[in-house]
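Read through the structure below, which is laid out as structure tokens, and then see the notes.
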Amino acid sequence: MGVDLRQVVAGILTLTMFLMLGNMIKREHFDSTEEKFPGGGTDVEFDSGEMKLSEQGLASFAKDGPWMEDGQELKPCWTKSSFDKVDQSKGFVTFSLTNGPEYHISQIADAVVVARYVGATIVLPDIRGNKPGDERKFEEIYDVEKFVQSLKGVVKVVKDLPVDISIRDFAVVRVPNRVTEDHIAELVEPIYRSKGNIRLATYFSSVNMRKTAQKSNSDSFACLAMFGSLELQPEVNEVVDSMIERLRTLSRKSDGRFVAVDLRIDILGKKSCHGTGAGGAKNCYNAQEIALFLRKIGFNKDTTIYLTQSRWDNSLDVLKDIFPKTYTKESVMPEDRKRKFLESEDSEFEKVIDFYMCSRSDVFVPAISGLFYANVAGKRIASGKTQILVPADIPGSSASITNHFSPYISKKNHLAYSCFC
């Protein structure tokens, strides 16, 4: 019985199409897996879709690997001069920053939106870690003067409550992340008018950092708070700068460029990382999977990699075998800074350092789905550092890097694109 060559070719093409479709669906769901948040709720933000090359030149790569040139730093769409004056009441809004810098950004934004709406004064927040009694002052990590000045004309900020006002008399009000004006009018303002002062607690029932078509008067205030109010205080910023400079020195063969990978062993060990999400998609990738992913999309063995993992773990050896220039904080932090920023039991400094290292690296790879990835992406979009690569299981020996750009970039669907022009 003869074989129809046309049928064979058609069969091969059909099989190839289904394989490509299957891989695309897996990447599409990478941002759509769920991650449990403190206080309940889930994250639905690991969406990696097929890359559509834009006019910004995302297809322009360096000869020594799949490195892209940074884009232009974007300009904010908001201008404080256009903000209407708000009637200032005598009340105060207090709150704490919790769970790390990726949460701080959202908590600041919600507090500013609420305080602006009700006309209250914001009291400079403290910073609380995950352990009882783990508390720091705002100025230990962030630049107070930058924060106060950035919000001038939007909301008033004071460093402390007046001595005649007790925090015990404040009404605690829980608000959802990205709180809306309707929610404030219905559920927050009546309590504020009744009690005179409120303490906010932002909860993350679901996190969605995608931009929406719906517009409100509070959008500009939220944008300013998220992207224009928080900067590291000088000492912490110097540590980050020195670590980046060290990595660039180690990266001579790649013209001083390095990759930052958010890979933390403690999170990979949690139950939510063992299974898969919707459609069989993965929501976390281990060291071996990240190593193979980076190799298959074109990074060579001389590539310098920074990991957010705090101390070296044996499970990372496989990554170092493929990419010998793989480092954690303990390898690149100046010796005279380790006692304060690395060797204490408080991990708040380490979280902040990792967040800004990932925001400033040449390439960012989120091995873990979540808010860290989403808010690092926002910082990078604003600064023009748009090379964010979402990992995937790649069959074969190679793959096109353009299929793995974050949809926050390829689809321009991140909230940051609503804030910058």
Quiz item: Within the distance-only criterion (no hydrogens, no angle test), does the side chain of R360 pair as donor or acceptor with the backbone N or O of D241 below 3.5 angstrom?
Solution: no
Exercise. Mind running ring pair (Phe, Tyr, Trp, His ring centres under 6.0 Å) on F258 and Y327 for me, showing each step along the way?
Key: CA-CA 11 Å; F258 71 96; Y327 305 97; over 10 Å; no
Quiz item: Looking at Y117 versus F221, is the centre-to-centre ring distance below 6.0 Å?
Solution: no
Exercise. Could you tell me whether the SG atom of C421 lies less than 2.5 angstrom from the SG atom of C77?
Key: yes
Self-check item: Pairs touching residues 283-306 that satisfy salt bridge (Lys or Arg N to Asp or Glu O under 4.0 Å), sequence neighbours left out
Solution: K282-E289
Self-check item: Evaluation steps, side-chain contact (heavy atoms from CB on, under 4.5 Å), between L294 and I305
Solution: CA-CA 10 Å; L294 291 174; I305 297 175; 3.7 Å; yes
Quiz item: Looking only at side chains, do S315 and D313 share a donor and an acceptor under 3.5 Å apart?
Solution: yes
Self-check item: Proximity of Y142 and H104 rings by center, below 6.0 Å
Solution: yes
Quiz item: Does R311 come within less than 4.0 Å of E350, counting only side-chain N to carboxylate O?
Solution: yes
Quiz prompt | Spatial distance of atom NE2 (H414) from atom CD1 (I381) [nearest 0.5 Å] | solution = 5.0 Å
Quiz item: Out of curiosity, Y306 OH to S331 OG, how far, rounded to the nearest 0.5 Å?
Solution: 10.0 Å
Quiz item: When you check the side-chain N and O atoms of W312 and D317, is any donor under 3.5 Å from an acceptor?
Solution: yes
Quiz item: Are any of the side-chain nitrogens in E73 or K379 under 4.0 Å away from the carboxylate oxygens of its partner?
Solution: no
